Q: 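My questions all concern the structure below.
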Protein chains: 2
Amino acid sequence: MNIDRRSGCPINLSLEVFGDRWSLIILRDIIFGGRRHFRELLNGSMEGIASNILADRLKRLMELSMLTKADDPSHKQKAIYSLTEMAITLVPILAHLGAWGRVWLPVSEELSIRAELLEKGGPPMWDKFMNELRHEHLGASPAPSGPTVRATLQAAYDAVIARNAERVGCDPAP
Amino acid sequence: MNIDRRSGCPINLSLEVFGDRWSLIILRDIIFGGRRHFRELLNGSMEGIASNILADRLKRLMELSMLTKADDPSHKQKAIYSLTEMAITLVPILAHLGAWGRVWLPVSEELSIRAELLEKGGPPMWDKFMNELRHEHLGASPAPSGPTVRATLQAAYDAVIARNAERVGCDPAP
DNA sequence: TGCAACCGATTGCAAATTGCAATCAGATTC
DNA sequence: GAATCTGATTGCAATTTGCAATCGGTTGCA
């Protein structure tokens, strides 16, 4: 599955990179979910990706220089997938996409709280997040200070989940 | 071809709307190319879409409320496709997508000049363009004043074409 | 009036893609 | 040394895609 190069139009070429049903979902899980291993991506995927498709897309995204793969020193079979700068700069696009979907599509509350926060945070928050990703995936020098953007988003997600569980009486212990 | 609703995640749902190889290309041609008829979209498409796929996607985009169809009073068989507000608000996403593609992908000069201008114009230009689209497609009241954004982009494109034609000695008349 | 060109599609068909289930061999854990 | 976990691969049926040909109706022109 290569780039067809149907035309040199930037929008067309962008679509040829991630204009399918899975590539951007995988990148989303790596970026926002912090997943780095095959199994994490396979089992953690909300949408239930099949293992052969995951393998194919990871390979394709590596060929396109969106991802790199490295050995995990702690486990000789494990591979660690890392974002490239090319993929990290998708953050503003993902933020816009999330914001658009939140307005026009039947999103669920839990899963859109992250998009809402990211939208409210605006470009400064996106920049901070991209720098954190650079540190995490590219080994860029400045370690993030204070709570990370991902942790902030995750905490908001967890809070919504907890609140909704309480509301329907799913509190574990009386 | 309906929305699967694999999950309520905004990014996933957005992808289910236009995460294929053609939907966004069609919207691009309507938005930036000003095309409104089936044949215009079919023949004007840089990427060479097939008529059955175009028909299918137009139908799908109408079901998703991204487009509406109306009779052309001047031709009983002609249909005019119009953008909905939902589709018009994709402009910032298309602008980002174009900007990203221009940085990371092997775009051609002619086809990326529009993306470059749109990027430089920033949100104010996008807003102006969206208002023009609202006038054109939704009959919104304020007619655009001065040169339209689309005309500006088109002129820049034509200028690049002309300059390159001259450079390789393709000037029509001596 | 005749006719070619054009209108938005539709159909048939081969090829590619998708998604599911089962399976793999090596590494690690218990 | 058995069970589990690792990143995949394979076989297969169903769906989707893209191409070419074609459709019935409309229009413009001679």
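All figures in this text were calculated on a predicted structure; none of them were measured in a lab.
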Q: What is the distance from CG of A/D72 to C1' of C/dG26, rounded to the nearest Å?
A: 15 Å
Q: What is the distance, rounded to the nearest whole Å, between atom CG of A/D56 and atom P of C/dC20?
A: 16 Å
Q: Nearest 0.5 Å please: distance from the CD1 atom of A/I30 over to the CD atom of A/E136.
A: 10.5 Å
Q: Take the protein atom CG of A/N52 and the nucleotide atom P of C/dA21, then report the distance between them rounded to whole Å.
A: 12 Å
Q: How close or far is atom P of D/dG18 from atom CD of B/E47, stated in whole angstroms?
A: 12 Å
Q: Please identify each residue that fulfils salt bridge (Lys or Arg N to Asp or Glu O under 4.0 Å) with B/E116, with sequence neighbours left out.
A: B/R102, B/K120
Q: To the nearest Å, give me how far apart CG (B/L42) and C1' (D/dC19) are.
A: 12 Å
Q: Using the test side chain to side chain donor-acceptor pair (under 3.5 Å), find all partners of A/W22 that sit at least two apart in sequence or belong to another chain.
A: none
Q: Could you go through the salt bridge (charged side-chain N to carboxylate O under 4.0 Å, His left out) check for B/D20 and A/R21 one step at a time?
A: CA-CA 7 Å; B/D20 71 274; A/R21 319 262 289 168; over 6 Å; no
Q: Where do N or O atoms of nucleotides 3-7 of chain D meet protein N or O atoms at under 3.5 Å, pair by pair?
A:
unit_1, atom_1, unit_2, atom_2, d
D/dT6, O2, A/Q77, OE1, 3.1
D/dT6, O2, A/Q77, NE2, 3.0
D/dG7, OP1, A/F38, N, 3.3
D/dG7, OP2, A/R39, N, 3.0
D/dG7, N7, A/R39, NE, 3.3
D/dG7, N7, A/R39, NH2, 2.4
D/dG7, O6, A/R39, NH2, 3.1

Q: Just to confirm, is there a sub-4.0 Å distance from OP1 or OP2 of C/dG19 to any side-chain nitrogen or oxygen of A/W22?
A: yes
Q: Please state how far atom CD1 in B/I80 lies from atom C1' in C/dC7, giving the value in whole angstrom units.
A: 13 Å
Q: Please report whether the ring centroid of B/Y157 lies less than 6.0 Å from that of B/F32.
A: no
Q: Measure the distance from CD1 on B/I49 to C1' on D/dG18 and round it to the nearest whole Å.
A: 10 Å
Q: Is it true that B/I80 and B/L58 fall in one hydrophobic cluster, defined by side-chain heavy atoms closer than 4.5 Å?
A: no
Q: Between C/dG12 atom P and B/I53 atom CD1, what is the distance in whole Å?
A: 17 Å
Q: Look at the side-chain N and O atoms of B/R57 and state whether any lies under 4.0 Å from the OP1 or OP2 oxygen of D/dT17.
A: yes
